[in-house]
Amino acid sequence: MSERESDSAFGLRLRAWRRARGFSQLDLSIESGISPRHLSFLETGRCGPSRETVVSLCTVLGLPGVETRRMLILAGLSADWGEPRIAPADGCQRLARMGHLLAAHDPLPALLTAPDWSIATLNRSCDALLRRCDRLAGGDGSRAYEIPLLVSDAARLPRVVANWESVVLDITVGIYSSEPDPDTTIHTSEMLATLGQRGDGVLATAATSWEPRLQVRDDGHEFELDLVVMPFAGAWSGYALTLGVASDATETSAFAYFRDRIDDERARASSA
C-alpha cells in the first residue's frame with residue numbers, strides 16, 4: 001500500500017467513524033485538540049497523521065484496540081500484532097487439513113478463505129455449487145481454487161445467487177471490520193473494483209451491522225441461506241470460516257437443492 005493510498009484509506013475510515021459516532025468535524029476537533037483545518041486535511045488525505053494523532057482520535061471516538069491498530073496501519077504507521085503472521089500459501093496448506101471439519105457441515109456449503117480471498121478448502125456442497133455456477137456461465141465445471149474467490153466467481157454466482165453483489169459487500173464489510181489486515185484490504189480493493197463497488201462504500205458501511213444472506217434461485221428451488229462468517233485473529237488474521245445456514249422454514253428446500261448438486265457431481269464423475 002503506497003503512502004498516498006494509506007493516507008486516503010485512513011481519511012475515509014476516520015470520516016466514517018466520526019459520522020457513525022455522531023461527531024461533527026468541529027466537535028471532534030475540540031475533543032481531540034486537533035485544529036479543524038488539520039482534521040479536514042486528514043479526512044481528505046491531504047496530509048498524514050502522527051502516531052499520537054491517530055491514538056488521540058481513536059480514543060475520543062471510543063474505538064476498540066483492534067480498530068486503533070487498523071487505523072495505525074492505514075495511516076502508514078506500524079502496529080504491534082503480537083505474533084508473526086502466517087503466509088497465505090502456508091496457511092492454505094495448513095487449513096486444507098481441516099477439510100473433515102467442513103465435511104460435517106454437508107449438505108450445506110462451508111469454506112475457508114485466505115487473506116487474498118482464495119479458497120483454502122471447502123466441502124462437497126460448496127464445491128458442487130461453484131461447479132454448477134461455472135457450467136451455467138458457459139464453463140466446463142472446473143474450478144481453479146488458487147484464483148481469488150470473489151473475483152473469479154463474480155461473473156458466475158449471479159446465475160444462482162440473485163443478490164450476489166450485496167452479499168459481496170456484506171462479507172467484505174464484516175471481515176474488514178472484524179480484524180485489521182492490510183493484506184486483505186489490498187485484495188479487497190481489487191475485488192471491489194472488479195465488481196464495480198467503491199472502497200469508500202465499504203468504509204462507510206463498516207461501522208454498521210452486517211447480515212449476509214444468499215437468495216438462491218435455481219433449478220426450481222428458491223430459498224435464503226444465511227452466511228455465518230467467522231474471521232480468524234492473531235497470526236491467522238485475514239483467514240475466515242464461512243458457513244451457510246438455513247432457517248427452519250427453508251431448511252428442507254436448501255437441503256434438497258444441495259443434495260441435488262452433490263448427486264449431479266457424483267453422476268458426472270461416474271460417467272467420466
Side-chain angles (χ1 to χ4, degrees), residues 1 3-83 85 115 166 168-189 192 197-213 227-241:
M1 183 182 297
E3 181 177 353
R4 175 52 58 189
E5 288 172 338
S6 298
D7 291 347
S8 177
F10 172 82
L12 288 170
R13 191 155 185 86
L14 174 60
R15 183 186 301 118
W17 273 116
R18 175 176 61 77
R19 291 174 176 173
R21 294 298 200 231
F23 281 85
S24 67
Q25 276 195 346
L26 180 59
D27 292 335
L28 184 56
S29 171
I30 293 173
E31 292 291 329
S32 63
I34 298 170
S35 73
R37 177 183 175 85
H38 186 49
L39 183 58
S40 175
F41 280 11
L42 291 176
E43 288 193 359
T44 58
R46 295 180 65 181
C47 68
S50 65
R51 176 178 295 274
E52 292 73 19
T53 296
V54 174
V55 173
S56 177
L57 289 169
C58 290
T59 300
V60 172
L61 292 171
L63 303 186
V66 69
E67 182 64 12
T68 298
R69 291 196 295 275
R70 188 215 315 276
M71 295 293 276
L72 286 167
I73 291 171
L74 292 179
L77 303 168
S78 63
D80 181 13
W81 288 87
E83 55 184 311
R85 305 288 302 284
S166 65
V168 169
L169 184 59
D170 280 343
I171 294 175
T172 304
V173 166
I175 295 178
Y176 187 78
S177 298
S178 298
E179 192 68 32
D181 187 336
D183 294 330
T184 297
T185 301
I186 293 172
H187 292 292
T188 296
S189 299
L192 289 173
Q197 298 277 6
R198 291 173 56 85
D200 53 357
V202 173
L203 292 168
T205 311
T208 66
S209 62
W210 57 291
E211 298 178 355
R213 178 174 297 171
L227 296 181
V228 178
V229 183
M230 293 175 280
F232 296 177
W236 289 91
S237 176
Y239 295 85
L241 169 66

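Note that this is a predicted model, so its numbers are computed, not measured.
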For the residue pair Cys47 and Leu42, what are the closest heavy atoms and their distance?
-> O-CD2, 3.7 Å
Kindly indicate whether a cation-pi arrangement holds for Arg18 with Phe23, taking the cut-offs as under 6.0 Å to the six-membered ring centre and within 45° of the axis.
-> no
Checking Ser56 side chain against Glu52 main chain: does a donor-acceptor pair fall under 3.5 Å?
-> no
Which heavy-atom pair separates Ser29 from Ser35 by the least distance, and what is that distance?
-> OG-C, 3.4 Å
Has Arg21 got more than 12 heavy atoms of other residues, nucleotides or ligands less than 6.0 Å from its CZ?
-> yes
Are any side-chain N or O atoms of Arg13 and backbone N or O atoms of Met71, one a donor and one an acceptor, separated by less than 3.5 Å?
-> no
Got a second to check how far Leu74's CG is from Leu12's CG, nearest 0.5 Å?
-> 9.5 Å
Taken to the nearest 0.5 Å, the spacing of Leu77 CG from Phe10 CZ works out to 8.5 Å
Between CD1 of Ile30 and CG of Leu39, what distance do you get to the nearest 0.5 Å?
-> 11.0 Å
Just how far is it from atom CG of Leu57 to atom CG of Leu63, taken to the nearest 0.5 Å?
-> 9.0 Å
Sequence neighbours left out, what passes side chain to side chain donor-acceptor pair (under 3.5 Å) with Ser24? Give chain and number order.
-> Asp27
Residue set satisfying side chain to side chain donor-acceptor pair (under 3.5 Å) with Thr53, at least two apart, ordered chain then number -> Ser50
Main-chain N/O of Ser40 paired with Thr44 side-chain donor or acceptor, under 3.5 Å | yes
